[in-house]
Amino acid sequence: MTPRPLYLDYHATTPVDPRVLAEMLPFFCERFGNPASRQHAWGWDADRAVDTARAQVAALINATPAEIIFTSGATESNNLALKGAAESLRDRGRHIVTVATEHKSVLDACKRLGTCGFEVTVLAVQADGLIDLDRLRGAMTPQTILVSVMAANNEIGTLQSLEAIGAIAHQHGALLHTDAAQAAGKVPIDVRAMNIDLLSLTGHKLYGPKGAGALFVAKAKPKLTLAPQIDGGGHEHGFRSGTLNVPGIVGLGRATEICREEMPAESARLRGLRDRLLDGLRVRLGGVTVNGTLERRLPHNLHVSFAGVEGEALLMAIGDLAVSTGSACSSGSQAPSHVLQAIGAVREGGGASIRFGLGRNTTAEDVDYAIDRVVTVVSSLRGAVAGPT
Ligand SMILES: *Cc1c(COP(=O)(O)O)cnc(C)c1O
């Protein structure tokens, strides 16, 4: 039976996998030691558990354990990566390149740097959501120290060509940071093959707990140093002070391990469900537009606009589907997203849009239920707009 309301908002957050929770539980009441306690068994036990998690997170992205710093999530990782790198490299150059469709935690961190003496170039994207590599080449200057491009977009699921982007950054002596909050655990990531120097990920987008995340910092020569943004006891190689969130870190580690093991089968399953959803909508409704490209996209993401429907009305009518809705039209009362704006999907009469995020608990039956609900609601709203005849 399809549960109602039906959760299809897995880009916003995911439930903790029961296998992850089971791993975490002992670290609250019994194995509660502080990994910084070097003189007794409680500390050693917690330290070992953190080491295991570090190796698990590293394995997901082909990093080494020493390259993983634990944080509170992707927002903190993005801030540490951008501000930390900018501060430590400011004598080499003061130019940063990022992209219009980035998450606010990247755009706002860059905005802050813009007020602290850095110059920020925000690249536009093409209609498919991808950046134009020639434009990136054109934006690079001898002053460019950092390029920040997300691995997968949180609204339209676009997968950027990181390997090529990293190669361009490196040719110009700049670092590549990627916000992989949506991509990690969902599509293969190899920091070596993809020329990534800094990578942010977070537990709660990959069936781990909220409040636990990581930043990958490449062990490079010359050594890549980040200016810490939180000072204190020198935890995490001095990059991020503060007592470690051991249960959260243990959960993050186990969550990344499960994702790595199950990725091939799970991503094929989700892609099948996503295609079933799109086909079902297209067969029964006209005026359905996919936002972003289907070619380079997270397997579990679908973002569609429905012509002739108002965002607000759709949001009200679709109550038993937990999805993210928005306006694809700038005249509505709902502000259109900066991502839809950037791909040029916001236009007069653009209609309403829905982001579907499918996940580990989504079944074919759920997808069929969602199709029925959306078809019913959109048809009736279009009828209402047309008025009685
Ligand atoms: C969710 C998300 C973040 C923020 O992660 P938190 O762990 O919630 O701080 C950053 N970037 C992207 C792309 C996200 O989807």
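As the structure lists them, so they are numbered: ligands from 1, and atoms in each ligand from 1. Along the sequence shown, residues are numbered consecutively beginning with 1.
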Does [X] reach the side chain of [Y], with side-chain heavy atoms less than 4.5 Å apart?
{"X": "Ile343", "Y": "Asp128", "result": "no"}
{"X": "His170", "Y": "Asp197", "result": "yes"}
{"X": "Asn361", "Y": "Pro15", "result": "yes"}
{"X": "Phe356", "Y": "Val374", "result": "yes"}
{"X": "Ser148", "Y": "Asp179", "result": "no"}

Considering the heavy atoms of [X], write down every atom of ligand 1 situated less than 4.0 Å from one of them.
{"X": "Asn154", "answer": "13 (C), 15 (O)"}
{"X": "Gly73", "answer": "7 (O)"}
{"X": "Ser105", "answer": "10 (C)"}
{"X": "Met150", "answer": "13 (C)"}

field: Note: Arg19-Glu261 ion pair, threshold 4.0 Å (strictly below)
entry: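 Result for this pair is no, no salt bridge flagged.
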Among protein heavy atoms, which lies nearest [atom], and at what distance?
{"atom": "atom 5 (O) of ligand 1", "value": "Ala74 CB, 3.2 Å"}
{"atom": "atom 11 (N) of ligand 1", "value": "Asp179 OD2, 2.6 Å"}
{"atom": "atom 7 (O) of ligand 1", "value": "Thr202 OG1, 2.6 Å"}
{"atom": "atom 1 (C) of ligand 1", "value": "Lys205 NZ, 1.3 Å"}
{"atom": "atom 4 (C) of ligand 1", "value": "Thr75 OG1, 3.5 Å"}

With Ile68, the side-chain contact (heavy atoms from CB on, under 4.5 Å) member among Ile61, Leu215, Val217 |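 Output: one option passes, namely Ile61.
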ask   = Of Glu76, His11, His204, Lys210, which has the heavy atom at the shortest distance from atom 8 (O) of ligand 1?
value =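 Among Glu76, His11, His204, Lys210, the closest heavy atom to atom 8 (O) of ligand 1 comes from His204.
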